[in-house]
Amino acid sequence: MRRFLILTAVFFSLAGIAFAILPLGTIGLIPVILGLIFAVLTYFKSTPGRKKILPKILIGLTLLLSVVIIGKETLIEDTVAVDETFKEKIEESNQENIEELENELEELDLEEFNTEDLNFEEDPGLIEELDSLQQ
Amino acid sequence: MKQLFIVCALFACIASFSQQNNTIKAGEKLVFTASYNMSGLMTQLAQVSMETANVKTSKATLLHLKCTAATYSKWDSFFKIRDLYESYVNPANLKPVMHKRDVEEGTYKKQMKYTFNYKTKNAKVTLNKKGVKDQISNVAITPATHDVVSLIYQLRNSDLSTLQPGGSKQFTLLFDEKLFPVTVKLMGKETIDAGPLGKKQCYKLSVSAKTDKLKGKDQNLIWLTADAKKIPVFMKFNIPVGTGQLQLKSAAGI
């Protein structure tokens, strides 16, 4: 029984370390808390004559992991990295779009921009029209 | 992230089809935090920005609606998202002229361009992705068809005050070369925490569509401030890969 508890506590503690490193936020607390529970159970299952050093280490480790995970969540603000490639892509897209719009607007005819032409009222038969288009 | 955008757009479909734009102006920027439900806990995944700007061509002045989504830096090593969705619309009524979608999610990349022609009731679609280059197709559209971005703004331009709780409207969205009929229902009004705007009374709206991209009944919700600007402050979505939410983080130029 004690061996099972130790193995389970070690497993969840290792999972807790992995979760604390990964950007999973407070989800990392799930294995850490489970690891802590099993470590405490191991501690109390250990008879006075047997070594309690491993359960103590696991309890300390899981408590430390809890602090790390909560600290990361509360003290470190989520930010988006400055991505020059993405910025450049947006800039290029803007330029390209304007050029394309010059051509598209010629093709589409500027009368499209007469708002009266485009001021459609709600059409109760729209869905029927849509269905017929899709068929 | 694609699903996130379509959810946002579907949320936006409540709008009347093409009423005059009195709400959306250039120079506005809304920033949202997108969170995803993992094992019952919400984890912040990405930042979604929505910006408006005027664009002048030699023929006309258009309103440029730009939406970007980028994962927080802590996720970039695992699954990097850099999505750009943009529409060029008639500023008078928000009807789209051109819509572009540039998706980069992990190793998945895709670019789509839609050109709307309401006279011929046709949208020309150009697709670029792995193994496909400049594939052109045409989609028949209705006069009230919107792209994913312009719909979001069209929603805010709608007169929701005439809609009774329980009342619904039906709309059309063009996405991935397909038209989606969408039903949006007003659930009522609620006062919620609107982040940087403080506590605000909001329209609570439920969105459903004839698509497998939305799950559950009344589980895809959006809260819009119940004022002239109708700013989206909170959204909840339920899609095949899980549930999540978007929370307004900052608002400028409103």
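Protein chains get the first letters and strands the later ones, always in sequence-line order, with residue 1 at the start of each.
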Self-check item: Proximity breakdown for B:Thr43 and chain A, heavy-atom pairs closer than 4.5 Å
Solution: side chain
Side chains of [X] and [Y] in contact at under 4.5 Å (non-hydrogen atoms):
X: B:Lys80; Y: A:Asp83; answer: yes
X: A:Lys72; Y: B:Lys74; answer: no
X: B:Thr115; Y: A:Glu100; answer: no
X: B:Thr71; Y: A:Val80; answer: no
X: A:Asn94; Y: B:His64; answer: yes

Quiz prompt | Pair B:Glu86-A:Ile90, side-chain contact (heavy atoms from CB on, under 4.5 Å): steps then yes or no | solution = CA-CA 10 Å; B:Glu86 49 191 342; A:Ile90 292 172; 5.8 Å; no
Practice problem: Check whether A:Ile76 gets within reach of chain B through its side chain, its backbone, both or neither, counting any heavy atom under 4.5 Å. | Solution: neither
Exercise. Using non-hydrogen atoms and a 4.5 Å limit, figure out which bit of A:Glu99 sits close to chain B: side chain, backbone, both or neither.
Key: neither
Could you grab the distance from atom [atom1] of [X] to atom [atom2] of [Y], nearest 0.5 Å is fine?
X: B:Gln44; Y: A:Glu77; atom1: CD; atom2: CD; answer: 9.0 Å
X: A:Ser93; Y: B:Lys100; atom1: OG; atom2: NZ; answer: 5.0 Å
X: A:Phe86; Y: B:Ile81; atom1: CZ; atom2: CD1; answer: 10.5 Å
X: A:Asn97; Y: B:Thr57; atom1: CG; atom2: OG1; answer: 12.0 Å
X: A:Lys89; Y: B:Asp102; atom1: NZ; atom2: CG; answer: 3.5 Å

Quiz prompt | Best-contacting candidate, B:Glu104, B:Lys113, B:Lys56, against chain A by heavy atom pairs under 4.5 angstrom | solution = B:Lys113
Quiz item: Would one find more than 12 heavy atoms of other residues, nucleotides or ligands at under 6.0 Å from atom CZ of A:Phe11?
Solution: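 Result for CZ/A:Phe11: open.
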Quiz item: Within a reach of under 6.0 Å around NZ of B:Lys25, are more than 12 heavy atoms found that belong to other residues, nucleotides or ligands?
Solution: yes
Practice problem: Spell out, as yes or no, whether a donor-acceptor pair under 3.5 Å connects the side chain of B:Ser73 to the backbone of A:Thr79. | Solution: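 Judged by distance alone, yes, a pair lies under 3.5 Å.
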Exercise. Grab the two heavy atoms, one from B:Trp75 and one from A:Pro23, that are nearest each other, plus how far apart they are.
Key: CZ2-O, 2.9 Å
Quiz item: Closest approach of A:Asp78 and B:Lys249, non-hydrogen atoms and distance?
Solution: O-NZ, 4.1 Å
